[in-house]
Structure formats: C-alpha cells, structure tokens
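What follows is a single structure, written as structure tokens, with notes after it.
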2 protein chains.
Amino acid sequence: MDNTGSYGDKPRVMSQESQVTSQGSSTIYRNIKTIDGARLGQIHTQRGIINTPAFIPVGTNATVKAMNQDELRELGAEIILANTYHLYLRPGHEVIKKVGGLHRFMNWQGPILTDSGGFQVFSLSPLRKITNEGVEFRSHLDGSTHFLTPEFVMEIQAVLGSDIVMAFDECTPYPATKEYALNSLKLTTDWAKRCKEWIHDARYKMQDKEIFIMNPASCVLHQSLFGIVQGGVYKDLRKQSVEELIEMDFDGYAIGGLSVGEPKELMYEIINYTTPLLPPDKPRYLMGIGDLVDVLTAVSVGIDMFDCVMPTRNARNGTLFTSEGRISIKREEFKADPEPLDPDCECYTCKNYSKAYLRHLFMNKEILSMRLNTLHNLHFYLSFFKKMREAIRDETFDNFKKEQTLILQNNFV
Amino acid sequence: MDNTGSYGDKPRVMSQESQVTSQGSSTIYRNIKTIDGARLGQIHTQRGIINTPAFIPVGTNATVKAMNQDELRELGAEIILANTYHLYLRPGHEVIKKVGGLHRFMNWQGPILTDSGGFQVFSLSPLRKITNEGVEFRSHLDGSTHFLTPEFVMEIQAVLGSDIVMAFDECTPYPATKEYALNSLKLTTDWAKRCKEWIHDARYKMQDKEIFIMNPASCVLHQSLFGIVQGGVYKDLRKQSVEELIEMDFDGYAIGGLSVGEPKELMYEIINYTTPLLPPDKPRYLMGIGDLVDVLTAVSVGIDMFDCVMPTRNARNGTLFTSEGRISIKREEFKADPEPLDPDCECYTCKNYSKAYLRHLFMNKEILSMRLNTLHNLHFYLSFFKKMREAIRDETFDNFKKEQTLILQNNFV
C-alpha cells in the first residue's frame, strides 16, 4: 500500500518532519516472527517500543485504578489506554489541553492509546440518538446532553495528544439483524473516512495551529489512527468492513463489536475469520477482550494488542490470578494462611504479604487491598503476555496455549 | 524510681535475658535537650529508634489507610499505631498469632504501638456496660457481644506483639461530673494496676508459654507498658491519676480523655497542667491529638508522642496541608492548574503531579487520589515534626511555634 497515494491532490513536497509523519504516523509495526498465525512483533512509537502481543492496562479516567504511574512502568506496561468519552466529560479535553496534554496531565511518558468513545456511548449512556452526522447522548455522570461527531472525537484525541487514536465507530449490538449490522457498518465506514480526512487535513494544513501550539509534542503530526472493523456476527459484513478500511489505509486495525453478548464460539469464529483478512504489516487490536483463554485464541490467529479491565476490576473484587488458576481472596481457608498468594510470583504483593493479610485487607475494604490486588493481577497479566511472546519466539506457542488453557480454567473463586 | 523494687516477693534471681527485661521493658527514653519545657529526645526500642517529638501514623486495621509499608518507611515514619479493639474483632488476635504476630502480619518491621481499646469501646460501640471487672460491649461491625478486661486486653496485645502496649482505661467523657470523673479515674487506676500485674506475671513466670512459642520475637518480654492518665477536666483528679500511675512505675505515660468535646482552652489548660507532673525520664504521649496548633502547644510543655487520623482522613476528604495553610483540592480554581500542590514540598505527589490532576482524581473518587493525598499529608506531618525537632535542637522552637501557628490558621478549604 502506498501511504501517500490515496490523498490525490494533496501537496507532495514536504519538510523533513512532514515527510516522516506523512508515512501516516510515527508508529511502525515490525514483525519479528510469525508461527502458525501467531505474531511476535514490535510497534515503534515516538514514546517507546511496544512488544506484541501486548496487553494494554485500562486507565479510563487517566489513571489505571489503584496504581501510580511508576508502578505501571515497573510492572512493565509499555502502553496504557485512556477513554475519550470519560475525559471529554470530566475533566474536559480543554482542561487537559491547558495542562499540556494527557501525558503531562497524568505523568505517563509512555505511549497512550485513546478509545474513540463509540463503545462508551453504546454501553454507558442512558439515552443516545445516532444519526449520520454523529451521536447525541446523555452523560452517565450528570445527564447533560452532548453531541459527538467523528471530527469532534478526532479533535478531542488530538488535544489529548494520545499516540494511538481510534476512529469513531458505532458498536453494533448483539443480537442485531443483518440489515441493522449492515447499516451500522456503513455508518462506521463513513465515520472512519471522516476521521481519516480530519487527521489528514490537520496534518497537512496544520489547520489547528492552536492544538500544535498548546501541545506540540503530542499533536496530530505524531498520532497513529486505527480503523475499527464492525459487522456484527456476519462474516461477509466483517469482510466488507475490513476491505473498506484497508482501502483507506489506516495505521492499524482494530476488531470491535465483540464480547457484547454473543456466544463465545461465535466470537471465536468471527475473530478467526476476520483477523487473517487484516494487512500483515500493520498492528491488529482486539478491543476490550482480555479473558486469557480468549487472548490465547486470538493471538494464535494473529492479534497483537488487547485491552481489558479484567485484571484491575477483578482485583478490586478480590479475584486474583495465580499460576494454578484464579482464586477469591475472601475464602475462609486463607484467614490465617501465612503463605504468599502465589509462591511462584515475583510481584511486590507476593514477595511482601501473606494471604492472611490480603484477606484481612479485603474484608475491611481497605485501599491497600485494592492496591496490592491490582498490582498482583497486572503483574500476572503482563508476565503472561511476556511468556506468550517468549513461546512464539521459541516456537512453543502451541504447547503454551494448550497448557495455559487448562490452568486458566481452574477457578477457585 | 526502682524498677524492680515494687514487686515485693517476686523472684530476684534472673537469667541475663530476664535481667534486661526486668528493667521494665526494652524501651528507653533518652533526653537530648529540653528548652523551656519542649523536649528533644529518642525512644530506643528493640525495633529501632523513635526521634521525639514523634508523630505516629494511625493504622487502625493494621494498615495506614492507602499506604503500603515501604512508603511509610520512605516517608520516615519511625513508629505506627494499630488498634487492639479493631484487630481483636477482625481478623481476631488468634489469627494474627498464627501468622506470627502483627509485625509479620502487616510486614512492618519498625516499632508498633497498640491502643488498648478503651477509647474505641467508648467511641464506637453502640452499647457498652462498664463494671469493675471490665467492659461488655457490642461490636460496631456485627453487633456481637464481647467482654474486655484489663488482663484480656494485655493478652491480646501480647499476642499481637506490639512494642508499646497501652493499659486498659475508661475514657472519661465530656461533660462529666466530678463524681463520675473520680470513679472513672479510680477504675482506670485499678485497671492499670491489673495490666501491670498481668505483664509482670507473664514476664517473670513466662506463664503464657504459648505466646512465647508462637511469637517469641514480640512477646511480653520485650513490650513496654504505658499507663494512661485520666481525670477529665479536673486538675486535682489529673494530679491524683498521675501520682497513682507513677507509683506503679510505667514505661511511659499517656494523657487520655482529651479532645472529647471540651473547649480547646480547657484542653490546653489540662495539658499544660498535667504534662509537667510526669516523670522526666519516661516518654510522654498525648493520645489522639494531632491538630498541629495543639501539637505545638503540647510540645512546648514537654509532650513527646502524638497519634492522629487527621493527616490521613483529611487526605481522603481532599483537605491537604501546604506550607501556606490547608486547602481543599476540589476548588474550581485548580481545575486546569499545572502547578504542584506545594512547590516547596519534596514529596512524591508534589514532585510528580499537578493540582489539576489531583483535583481530577478527587472528583472521580479515584483510589490514586487517596494515595497521593495521603502520601502528601503524611509527608507534611512527618516533615513538620522533623522541623519541630530541629527547632528544639537549635533553640528556635519558640519562634517556630509562633510562625507556624499563624500559617496553620490559614484555611483555604
């Protein structure tokens, strides 16, 4: 694909800086190895390298709940996710602009991916009205009415200054008729095009000088735009969506609209079908899915990036991942257990605290409970992804997948 | 005072180890300097030195809320407080015994002081019945009925293995008639005597071998017992209480029953009157008072130790201490303020995060808000105490007190 060819009459003579950014973004995917579909790779961004398959901890409100940013770094997180919808509503993107962008606001210097808000409007807003122009919705915080368009969502993300920005999409619900899914897909394609055009115009014309001036280090010049594949559970629609997005040449491709209520087998079918259709030279991101059995399946067909609240939310609910399966820390049997949660685990929690103490903190709803549990679960997830990458490198991924799938089914909750 | 003389017919021939502990405890107060009543000193314990005047962060449930134990160490906390009442109810002292004592349970190797539970029964229990024998009360957690006696409270604290244990007392309420206060005082004296006898018996006879075997490092052999002065707002009763406690020769002396509703001037009067009555060679502890203006007043008459939830609880409510006074982080003016909370502050929060981010986290009730705020306020308190010690050392405490009293009255909440 020619990254500049699709812009027709746009200027071709550019400064050195523009030439770099004219490649579409400062994000480049480098494939290291592909074994039976599973991909080991790296995403190079201006703020650091992301080793893939990568897990992206979720920091909805510009904070990965219970963690500070140094802990995230020490845990080995190479990228985090923040939510456009939440940050637009509170504190507002204008606030973050004044403070100098999201990285400075939250004191995280690594790459940030921002979700476009499509999914949050779909799942959080008590009332929404979708038109071709955009989505009118009510805030889940105070009921106030807002209108998001593809252009506005891109503008918000430009102001936030995230490294990877997502196109605005309509998340097709499940179940949905094929007619609904098709219309939804058409809308998503149209919006993706408008997002692409907005960022293109902003890049070439530098029209939004204010953004550049306020937040030069993280302006649109350096942002990578990912398109989101929709199409519900209909394979032909997924194919159509992929083709329409590829035609527009995005910096990366996400699969959206899954894990919204459909049976697991159907979800796997769509992942298995859709992923290989995506361009091999671009990162592939399966949105919002983080059950590790699902992750293993998706990695085996070539997904590179995952985000999910599972490790962090489960931690706060007392469900912890161990090398022998998941357990609930509130179990009576741990009441006076002086042993660490997982003797094989090298995390701060397991090296310093007993199950008895973790249970006590949880039963008392102590803040330290949420901290220690979150630290442990994120460590488990990030280590799991590291092991997965090593298995692909060592060409033992198939075995790893089989072994881990068995262990992950152990549930002592 | 002869530390062994008061035990009459108790054995005088002891092993080397017993001889050390027969001195009353392994805690020794060393006075470095006293200027106009204000004392600079050190309390030497088997688990480390506590520089006085000392602030003791409150870890009610064996956790200083929102902090981990490494952070407490890094902040410079030299001792923390835990509550006998809370730990007895949950997880239960037997649980902590099985895990090897409170230090191991919570992974804090420094000194721990445990409150006796007297104040908590007074303030938390929905129903309590006081007899000479002890106190029957209902748990604030589940309404279950419990009976605490001086001996049982000592046993619980022995099992916990805290370094400084408090005698069981009745906290005289305010207002109280002189008759009530006198009866309450008599009870407190009687209970203090029973606590002293219990620990003496346990030390000499090693009668509670089980405690020793289960938790040898932190058994009664090494514990220091502090008596608590009561007497309400009646000076003659305070004097009587002091004299009766001194007669029994405690390892340290606490002033209890203040800040329970009496006017501040009256509280100051009692502190100013009572403190100089206490033996100069023992640590003096003003219980539960931590307003820094009160602290300055109390230090100026010779108090060495303070505990208070003020820095930690205020932090969680968004009230933060700065070098210019206290502020509420939720103020609208901080919405887009990129500056640190206090440019003069060296804490992790101020070195890494802006007021805008702190406000955002607070408005979203994020766990990181409670963490960063608590870290800052504890840093402020511990630094304040350090400066106070330096001022006594440099003989500038009087000026320090005047300057800080003015600043501390600035309230931008």
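Everything quoted here is computed from the prediction, not taken from an experiment. Each chain gets a letter, A, B and so on, in the order its sequence line appears, and its residues count up from 1.
For B:A66 against A:R371, the heavy-atom pair with the smallest separation is O-NH1, 2.7 Å.
For chain A, the nearby part of B:L361 is the side chain; its heavy atoms alone come within less than 4.5 Å. If you measure heavy-atom distances from A:M370 to chain B, the contacts under 4.5 Å come from the side chain alone.
More than 12 heavy atoms of other residues, nucleotides or ligands shown are found within 6.0 angstrom of CD on B:Q109.
Put simply, the side chain of A:Y357 never gets that close to the backbone of B:V99: no donor and acceptor are under 3.5 Å apart. Checking side-chain atoms of A:H360 against main-chain N and O of B:N61 turns up a donor-acceptor pair under 3.5 Å.
Listed in order of number, the residues of residues 343-356 of chain B that approach chain A to under 4.5 Å between heavy atoms are B:Y348, B:N352, B:Y353, B:S354, B:A356. Among the residues in residues 111-122 of chain A, none has a non-hydrogen atom closer than 4.5 angstrom to a non-hydrogen atom of chain B. The stretch residues 76-93 of chain B places B:L87, B:R90, B:P91 near chain A, each with some heavy atom under 4.5 Å from a heavy atom of that chain. Proximity to chain B at a heavy-atom threshold of 4.5 Å picks out A:M67, A:N68, A:Q69, A:D70, A:E71 from residues 67-75 of chain A, in numerical order.
When each of A:E339, A:M106, A:R104 is scored by its heavy-atom pairs under 4.5 Å with chain B, the top score falls to A:M106. Most heavy-atom pairs under 4.5 Å with chain A: of the set B:D337, B:L372, B:L368, B:T374, this distinction falls to B:L368.
Annotation: side chain of A:I367 is in contact with side chain of B:R316 (closest heavy-atom distance under 4.5 Å).
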